[in-house]
Q: 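Mind looking over this structure? Questions follow.
Residue numbers run from 1 in the order of the sequence given.
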Amino acid sequence: MPKVAADAVRVDYPKQWFAIGAGIDLVAMLTMLWFASESIESFARTMWTACALLICVPLLFLFVPPMFTAHYMGEKGLRLRMGLLINATVPYKYIINISDAKVTFGSVMVGIGVKYVSKRKAMFVTASFKDLVAIYLDGPQQLGGPLRPPVQQVIVTVKDKEGFVALVKDRAGLEA
């Protein structure tokens with residue numbers, strides 16, 4: 001009898017901070033474009049238009065795509081996906097433990113999005129500062145690209161923390 005593939009399970013993370021950031025960026029861009037349209041001098045029009053395009057548009061590329069992505073738990077690994085910020089897979093064979101996590105060295109230092117802390121060998125894929133889950137790996141692993149530092153711990157934000165922990169333990173073959 002052939003082995004049945006496990007279905008990919010979507011793991012959502014909170015998206016309110018990305019929506020707030022995109023809203024603030026849109027307001028700033030519209031304000032700059034309004035300043036450009038109301039300017040009498042051509043230099044001022046050019047400056048405000050350039051500021052709107054060079055500052056606000058790239059920020060929209062960082063804020064908007066995470067609102068339409070999610071992490072996925074596939075057959076062989078946990079797919080971490082947060083817009084253009086990260087697209088990496090953590091194979092289940094690397095996972096040795098999973099537990100609740102708290103940010104003890106300052107939430108401002110960690111921030112929202114993806115951050116590598118090479119001193120602690122940790123990667124934060126956070127969308128808020130609550131509902132954090134720490135995934136411990138069996139050694140330094142290269143996640144997120146060849147130029148990224150190796151990590152032993154991945155901290156993620158998820159909406160359903162208990163369900164996520166139970167599903168990872170089941171798929172990784174850890175004790176329940």
Q: Let me confirm one number: the CZ-CZ distance from R10 to R79, rounded to the nearest 0.5 Å.
A: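 One gets 14.5 Å once the value is rounded to the nearest 0.5 Å.
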Q: With side-chain contact (heavy atoms from CB on, under 4.5 Å) as the test, would you mind laying out the steps for L80 and L78 before giving the verdict?
A: CA-CA 6 Å; L80 299 175; L78 171 63; 3.9 Å; yes
Q: Side chains of F124 and V154, heavy atoms from C-beta outward: is any pair under 4.5 Å?
A: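 In short, these two side chains do not touch, never coming nearer than 4.5 Å.
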Q: Quick one: does L85's side chain get under 4.5 Å of L62's, heavy atoms only?
A: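 A side-chain contact exists here, since the closest heavy-atom pair is under 4.5 Å.
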Q: Without swapping roles, check the side chain of R171 against the backbone of G173 for a donor-acceptor pair under 3.5 Å.
A: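 Here the side-chain-to-backbone pair does not exist.
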Q: Measure the spacing between OG of S99 and OH of Y136 and express it to the nearest 0.5 Å.
A: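 Here the rounded value is 4.0 Å.
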Q: Do L26 and I55 belong together in a cluster built from hydrophobic side chains that touch within less than 4.5 Å?
A: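 Yes, one cluster joins them.
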Q: Under a 4.5 Å side-chain heavy-atom rule over Ile, Leu, Val, Met, Phe, Trp and Tyr, are M47 and L54 clustered together?
A: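 No, M47 and L54 fall in different hydrophobic clusters.
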Q: Do F63 and I20 belong to the same hydrophobic cluster, where Ile, Leu, Val, Met, Phe, Trp and Tyr are linked whenever their side-chain heavy atoms lie under 4.5 Å apart, directly or via other members?
A: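 Yes: a chain of side-chain contacts under 4.5 Å links F63 to I20.
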Q: Just how far is it from atom CE of M29 to atom SG of C51, taken to the nearest 0.5 Å?
A: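 It comes to 13.0 Å.
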Q: Do you know the tightest heavy-atom contact between K121 and P140?
A: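 Scanning both residues completely, I find the closest heavy atoms to be NZ-CG, 4.4 Å.
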Q: Is there a side-chain contact between V133 and D131 in this structure, where contact means two heavy atoms from C-beta onward sitting under 4.5 Å apart?
A: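 Result no, sub-4.5 Å side-chain heavy-atom pair not found.
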Q: Are any non-hydrogen side-chain atoms of K161 and D100 less than 4.5 angstrom apart?
A: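 Yes; the side chains approach each other to less than 4.5 Å.
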Q: With side chains defined as the heavy atoms from C-beta onward, is the minimum distance between L143 and V90 less than 4.5 Å?
A: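 Yes, at least one pair of side-chain atoms sits under 4.5 Å.
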Q: Tell me if the CD atom of E38 is crowded by more than 12 foreign heavy atoms within 6.0 Å.
A: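 Enclosed.
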Q: Looking at every heavy atom in both A36 and T49, which two are closest together, and how far apart are they?
A: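 That closest heavy-atom pairing would be CB-OG1, 3.4 Å.
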Q: Under a 3.5 Å cutoff, is there a donor and acceptor pairing between the side chains of R45 and S39?
A: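 No, no side-chain donor-acceptor pair sits under 3.5 Å.
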Q: One pair to check against side-chain contact (heavy atoms from CB on, under 4.5 Å): I135 and L137. What are the steps and the verdict?
A: CA-CA 7 Å; I135 301 169; L137 308 177; 4.2 Å; yes
Q: Looking only at the side chains, is there a donor atom on one of T69 and Y13 sitting less than 3.5 Å from an acceptor on the other?
A: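 The criterion, which ignores hydrogens and geometry beyond distance, is satisfied for Y13 and T69.
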Q: Which value, rounded to the nearest 0.5 Å, describes the distance between K15 atom NZ and M82 atom CE?
A: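 Between atom NZ of K15 and atom CE of M82 there are 8.0 Å.
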Q: Quick one: are K115 and M123 in side-chain contact, heavy atoms under 4.5 Å?
A: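 They are not in side-chain contact.
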Q: Would you give the length of the straight line joining atom CG of D25 to atom CZ of F18, rounded to the nearest 0.5 angstrom?
A: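 So the gap between those two atoms works out to 13.5 Å.
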Q: Would you check if the side chain of H71 reaches a backbone N or O of V11 as a donor-acceptor pair within less than 3.5 Å?
A: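 No, because the side chain of H71 does not come within donor-acceptor range (under 3.5 Å) of the backbone of V11.
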Q: Looking only at heavy atoms, which two atoms of A52 and L33 are closest? And how far apart?
A: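 Smallest heavy-atom distance, with atoms named: CB-CD2, 3.8 Å.
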Q: Are side-chain heavy atoms of I95 and V168 found at a separation under 4.5 Å?
A: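 A side-chain contact exists here, since the closest heavy-atom pair is under 4.5 Å.
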Q: Do the side chain of Y92 and the main chain of G74 share a donor and acceptor less than 3.5 angstrom apart?
A: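 Yes; at least one donor-acceptor contact below 3.5 Å.
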Q: Is the closest side-chain heavy-atom distance between Q142 and V151 below 4.5 Å?
A: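 Heavy-atom side-chain distance check fails, nothing below 4.5 Å.
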Q: Is there a path from I112 to L60 through hydrophobic residues (I, L, V, M, F, W, Y) whose side chains come within less than 4.5 Å of each other?
A: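 Yes: a chain of side-chain contacts under 4.5 Å links I112 to L60.
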Q: Shared ILVMFWY cluster between I24 and W34, side chains joined below 4.5 angstrom?
A: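 Looking at the clustering, W34 is in a separate group from I24.
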